[in-house]
Amino acid sequence: MKDINSNQFKVKQPIQLQNIATTLDLEASKKKIENELEDVCEDLAKIQNAMYAHGKYAVLICIQGMDTAGKDSLIREVFKELNARGIVVHSFKVPTELELKHDYLWRHYIALPARGKFGVFNRTHYENVLVTRVHPEYILGENLPDVKDLSDVNDEFWNRRFQQINDFERHIAENGTIIFKFFLHLSKEEQKHRLLRRLDKPEKNWKFSPGDLKERKRWDDYQFCYQDALNRTSKPHAPWYAIPADDKPTARYIVARILLDTLKTYKDIKEPELDDEIKANLESYRNQLKNE
């Protein structure tokens, strides 16, 4: 099976999405890739257990992508080996009335993982520079004091919002959160195939929405917004990874490997050692239990 390097997917300089591949041949069968994924996930679970006991880092995993990019199934397959007590998944939908009474980052901030835990954002704070940029009329619903009409949702507005997001991520990174941001890079042709599959298979009909076709017509607008977001906000402390997503097993394996390879570099993450006094008396404690 072809080896991969996390750095080959990391956005380290300005990119053009049209030049980034949506496929990657791992030179292995689907079964082989799935078996390798299982092994990686088991190793991830060991790191999670150590991190939970260590209690000094949190891990935030942000997953973005066009409709049908495979976000839900990736979360299911990559994190299924992790202990449920140590991972929380948040799927962010249209903001509620309460959420709109706060700034746009509020609902994300209160959902951040505690130290020792993994948090997964299925769609993220980046929706606020993606879908709202394609549909700037949504900004009016935030009732911002400096936005009277759509003319105020201009380049200066988006520049400020990108800076706010960068500041937010820098702040949490400096306070112990390890940030991963994955963009599932799907081709337009593959999206068409997956939408047709939702229509053709009765058991998948529930996943289809006519709105999917409406948004698909704005494909080029979304690609521009994703590209701009990746280029403006991929930082050493909060890097973006552009993951080829036309093949789901391959995408899942790449994401899992990036997580594992990166977390293994944190050599200080380990289970705490027992107090010397407790360690010296382990045999005594064992005998107490045996002799009850």
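Residues: numbered from 1 along the sequence shown.
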If we only count heavy atoms from C-beta on, is the Met66 to Gln223 side-chain gap below 4.5 Å? yes
Are Asp228 and Arg133 within salt-bridge range, i.e. N to O under 4.0 Å? yes
Using the ring-ring contact (aromatic ring centres under 6.0 Å, His included) criterion, which residues pair with Tyr266? Sequence neighbours excluded. Tyr57
Is the count of non-hydrogen atoms from other residues, nucleotides or ligands lying under 6.0 Å from Gln13 atom CD greater than 12? no
For Tyr104, does the six-membered ring have the charged nitrogen or CZ of Arg161 within the cation-pi criterion, i.e. under 6.0 angstrom from the centroid and within 45° of the normal? yes
Close side-chain approach of Val131 to Arg123, heavy-atom, < 4.5 Å: no
Compare all side-chain heavy atoms of Thr233 with those of Lys181 and state whether any distance is below 4.5 angstrom. yes
Any side-chain donor near an acceptor of the partner, Glu174 and His237, under 3.5 Å: no
Correct closest heavy-atom pair for Gly70 and Arg194 would be N-NH1, 4.0 Å
Between Pro244 and Ala21 the two heavy atoms that sit nearest each other are CB-O, 3.7 Å
Residues Pro14 and Asn231: closest non-hydrogen pair is CA-OD1, 3.2 Å
Is there a side-chain contact between Ile47 and His54 (heavy atoms, below 4.5 Å)? no
Quick one, Glu142 with Val147, criterion side-chain contact (heavy atoms from CB on, under 4.5 Å). Give me CA distance, side-chain angles, the key distance, then yes/no. CA-CA 9 Å; Glu142 295 183 21; Val147 177; over 6 Å; no
Is it the case that more than 12 heavy atoms not belonging to Arg197 sit under 6.0 Å from its CZ atom? no
Any carboxylate oxygen within less than 4.0 angstrom of a Lys/Arg side-chain nitrogen, looking at Lys264 and Asp43? no
I'd like to know whether Leu112 forms a side-chain contact (heavy atoms from CB on, under 4.5 Å) with Phe121, so could you lay out the CA-CA distance, the side-chain angles of the two residues, the decisive distance to 0.1 Å, and finally the verdict. CA-CA 9 Å; Leu112 288 172; Phe121 284 2; 4.1 Å; yes
Any side-chain heavy atom of Ser91 sitting closer than 4.5 Å to one from Lys71? no
Heavy atoms from other residues, nucleotides or ligands near CD of Glu277 exceed 12 (cutoff 6.0 Å): no
Taking side chain as C-beta onward, heavy atoms only, is Lys101 less than 4.5 Å from Glu97? yes
Quiz question: by atom type and distance under 3.5 Å, do the side chains of Glu215 and His135 form a donor-acceptor pair? yes
If you compare all heavy atoms of Lys2 against all heavy atoms of Leu24, which two are closest, and at what distance to 0.1 Å? NZ-CD1, 4.2 Å
Mark yes or no: Arg107 above the aromatic ring of Phe92, with NZ or CZ under 6.0 Å from the six-membered ring centre and no more than 45 degrees from the axis. no
Test your reading of the model: is there a side-chain donor-acceptor pair from Arg252 to the backbone of Glu77, 3.5 Å cut-off? no
Under the criterion salt bridge (Lys or Arg N to Asp or Glu O under 4.0 Å), I'd like the reasoning laid out for Lys56 against Asp268: C-alpha separation, chi angles, the key distance, then a yes or no. CA-CA 10 Å; Lys56 293 189 177 181; Asp268 58 326; over 6 Å; no
What I'd like to find out is whether the side chain of Val40 reaches to under 4.5 Å of the side chain of Leu259, using heavy atoms alone. no
side-chain contact (heavy atoms from CB on, under 4.5 Å), that's the test. Do Phe79 and Val120 meet it? Break it down for me. CA-CA 9 Å; Phe79 302 108; Val120 182; 3.9 Å; yes
Shortest non-hydrogen contact between Leu184 and Ala69, atoms and distance: CD1-O, 3.7 Å
Is a side-chain N or O of Asn159 found less than 3.5 angstrom from the main chain of Asp155, in a donor-acceptor match? yes
Check whether the side chains of Asp167 and Gln163 place a donor and an acceptor atom closer than 3.5 Å, and report yes or no. yes
Does the side-chain contact (heavy atoms from CB on, under 4.5 Å) test come out yes or no for Arg216 and Lys188, once each step is laid out? CA-CA 8 Å; Arg216 180 173 165 80; Lys188 192 174 183 180; 3.4 Å; yes
Any side-chain heavy-atom pair from Tyr253 and Ile4 closer than 4.5 angstrom? yes
From CA spacing to verdict: salt bridge (Lys or Arg N to Asp or Glu O under 4.0 Å), Lys148, Asp152: CA-CA 7 Å; Lys148 305 298 190 298; Asp152 295 319; 5.8 Å; no
Just by distance, no angles: are the side chains of Asp246 and Thr22 close enough, under 3.5 Å, to form a donor-acceptor pair? yes
Looking at every heavy atom in both Val78 and Ala256, which two are closest together, and how far apart are they? CG1-CB, 4.1 Å
